Amino acid sequence: MDETVFIVTLTSTILVLMILGIIFGRRNRTKRQQYVPIPHDVPAGLLEKQPQLVVEGTYVSTVLGQELLERVTAHRLGNPATVQLEVHNEGVALLRAGEPNIFIPTPDLVTVATVSGIAGKFVEKDGILAITWNLGDVEVTTGLRIESITEHQQVLTALEQLTNGRQTA
C-alpha cells in the first residue's frame with residue numbers, strides 16, 4: 001500500500017508541475033509578445049456587403065513571419081477555432097467562433113501559399129492555407145484549414161487575385 005501511495009503521489013505531482021509549466025509558459029509568451037499590435041476589427045459595413053467568396057473551415061493559428069512553429073499567443077491569435085472566411089475587395093474577414101474576429105485589409109496582404117503544417121496542426125502536403133500579412137510593423141502568417149479541396153482552391157485563387165499573385169513561399 002505504501003508503494004502504491006508513493007507512486008500515485010509522485011505521478012500526480014509530476015502532472016501538476018507539467019500543467020503549471022504549460023500555463024506559466026503560455027502566460028510568459030503572451031507577455032513577451034505584447035509588441036504585436038491588436039488586429040483590425042471587421043468593419044460593420046463590410047459584413048453587409050456581398051463577399052466574393054465565403055467558406056467554412058478551421059482557424060489553426062497565427063505565427064510570427066515565416067516561423068511556422070512560433071505561435072502568436074498575444075490577443076488570442078494563437079487560439080484555434082472554427083472560422084467563416086469571407087473574401088472582399090477590401091480584404092479578408094475571419095469570423096472566428098468563440099474568439100475575436102480578424103480583418104486583414106488588402107494592402108496588408110503579403111503572400112498566400114499552402115503548407116503542410118503550422119503551429120497547432122500538421123496535415124497532408126499543401127493542406128493548410130497560409131496567409132502572410134502585415135499586422136502593423138509585424139509580419140505574421142495565419143493558417144487556415146479548408147476541408148473541401150474545391151473550396152481550398154477557390155480561396156487560394158481569390159486570395160492570389162487580392163495579392164496580385166505575389167508569392168514568396
Side-chain angles (χ1 to χ4, degrees), residues 26 29-30 33-169:
R26 187 169 178 100
R29 176 183 290 242
T30 301
Q33 293 177 345
Q34 286 304 310
Y35 68 91
V36 175
I38 298 173
H40 299 285
D41 289 331
V42 179
L46 188 70
L47 295 176
E48 297 169 5
K49 294 182 179 179
Q50 182 66 32
Q52 295 174 8
L53 180 67
V54 177
V55 295
E56 300 280 330
T58 303
Y59 175 93
V60 179
S61 68
T62 295
V63 298
L64 291 173
Q66 297 296 322
E67 300 294 327
L68 298 181
L69 296 177
E70 189 63 37
R71 184 190 308 253
V72 176
T73 58
H75 316 300
R76 297 167 51 183
L77 289 172
N79 297 351
T82 57
V83 68
Q84 177 178 310
L85 178 138
E86 294 185 359
V87 179
H88 297 268
N89 286 332
E90 296 85 355
V92 179
L94 302 174
L95 308 174
R96 303 188 300 164
E99 297 292 338
N101 296 328
I102 300 170
F103 179 66
I104 307 170
T106 299
D108 291 346
L109 289 169
V110 177
T111 63
V112 59
T114 55
V115 295
S116 61
I118 195 166
K121 192 172 202 86
F122 285 83
V123 295
E124 74 279 354
K125 184 178 185 215
D126 298 333
I128 293 179
L129 193 64
I131 304 169
T132 302
W133 53 291
N134 292 318
L135 179 53
D137 294 338
V138 180
E139 184 176 277
V140 295
T141 300
T142 297
L144 303 168
R145 172 81 167 149
I146 311 297
E147 294 300 325
S148 162
I149 294 172
T150 305
E151 288 179 339
H152 180 91
Q153 193 58 46
Q154 289 173 343
V155 172
L156 187 61
T157 302
L159 292 175
E160 284 175 346
Q161 289 174 352
L162 283 183
T163 61
N164 296 321
R166 294 185 303 264
Q167 294 288 84
T168 59

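Note that the structure is predicted; figures quoted are calculated from it, not measured.
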Exercise. Heavy-atom distance under 4.5 Å between the side chains of Pro39 and His75, does that happen here?
Worked result: yes

For this session: Give the intermediate values and the outcome of side-chain contact (heavy atoms from CB on, under 4.5 Å) for residues Val138 and Leu64.
Result: CA-CA 8 Å; Val138 180; Leu64 291 173; 4.0 Å; yes

Problem set entry | Check: Glu139 main-chain N/O paired with Thr132 side-chain donor or acceptor under 3.5 Å | no

Seminar exercise, completed: When every non-hydrogen atom of Ile131 is compared with those of Ile104, the smallest separation belongs to CG2-CD1, 4.3 Å

Exercise. Is Val155 close to Leu85 at the side-chain level, that is, under 4.5 Å between some pair of heavy atoms?
Worked result: yes

For this session: Check step by step if side-chain contact (heavy atoms from CB on, under 4.5 Å) holds for Val87 and Gln161.
Result: CA-CA 10 Å; Val87 179; Gln161 289 174 352; over 6 Å; no

For this session: For residues Val60 and Lys121, report the shortest heavy-atom separation together with the two atoms involved.
Result: CG1-CB, 3.6 Å

For this session: Would you check if Phe103 and Asp41 make a side-chain contact, meaning some heavy-atom pair closer than 4.5 Å?
Result: no

For this session: Evaluate whether atom CD of Gln52 has more than 12 neighbouring non-hydrogen atoms of other residues, nucleotides or ligands under 6.0 angstrom away.
Result: yes

Exercise. How many angstroms lie between CG in Asn89 and CG in Leu46, if you round to the nearest 0.5 Å?
Worked result: 9.5 Å

Exercise. How close do Tyr59 and Ile102 get, heavy atom to heavy atom, and via which atoms?
Worked result: OH-CD1, 3.8 Å

For this session: Using a 4.5 Å cut-off on heavy atoms from C-beta on, say whether the side chain of Leu144 contacts that of Leu94.
Result: yes

Exercise. Can Thr111 and Thr163 be said to form a side-chain contact (heavy atoms from CB on, under 4.5 Å), step by step?
Worked result: CA-CA 6 Å; Thr111 63; Thr163 61; over 6 Å; no

Exercise. Would you say His88's side chain and Ala93's backbone share a donor-acceptor pair under 3.5 angstrom?
Worked result: no

Seminar exercise, completed: On a heavy-atom basis, the closest approach of Val63 and Leu68 is CG1-O, 3.6 Å

Problem set entry | Thr141 side-chain N/O to Gly65 backbone N/O, donor-acceptor pair under 3.5 Å | yes

For this session: Please indicate whether Leu47 has more than 12 foreign heavy atoms, meaning atoms of other residues, nucleotides or ligands, lying under 6.0 Å from its CG.
Result: yes

Problem set entry | Validation row: Leu135, Leu77 side chains within 4.5 angstrom (heavy atoms) | yes

Problem set entry | Side-chain (Ser61) to main-chain (Arg71) donor-acceptor, under 3.5 angstrom | no

Exercise. With distance as the sole test, does Thr142 use its side chain to make a donor-acceptor pair with the main-chain N or O of Thr62 at under 3.5 Å?
Worked result: no

Seminar exercise, completed: Closest non-hydrogen atoms of Ala81 and Glu99, given as atom of the first, atom of the second and distance, are CB-CG, 4.1 Å

Exercise. Which heavy-atom pair separates His152 from Ile146 by the least distance, and what is that distance?
Worked result: N-CG2, 3.7 Å

Exercise. Between CG of Asn134 and CG of Asp108, what distance do you get to the nearest 0.5 Å?
Worked result: 6.0 Å

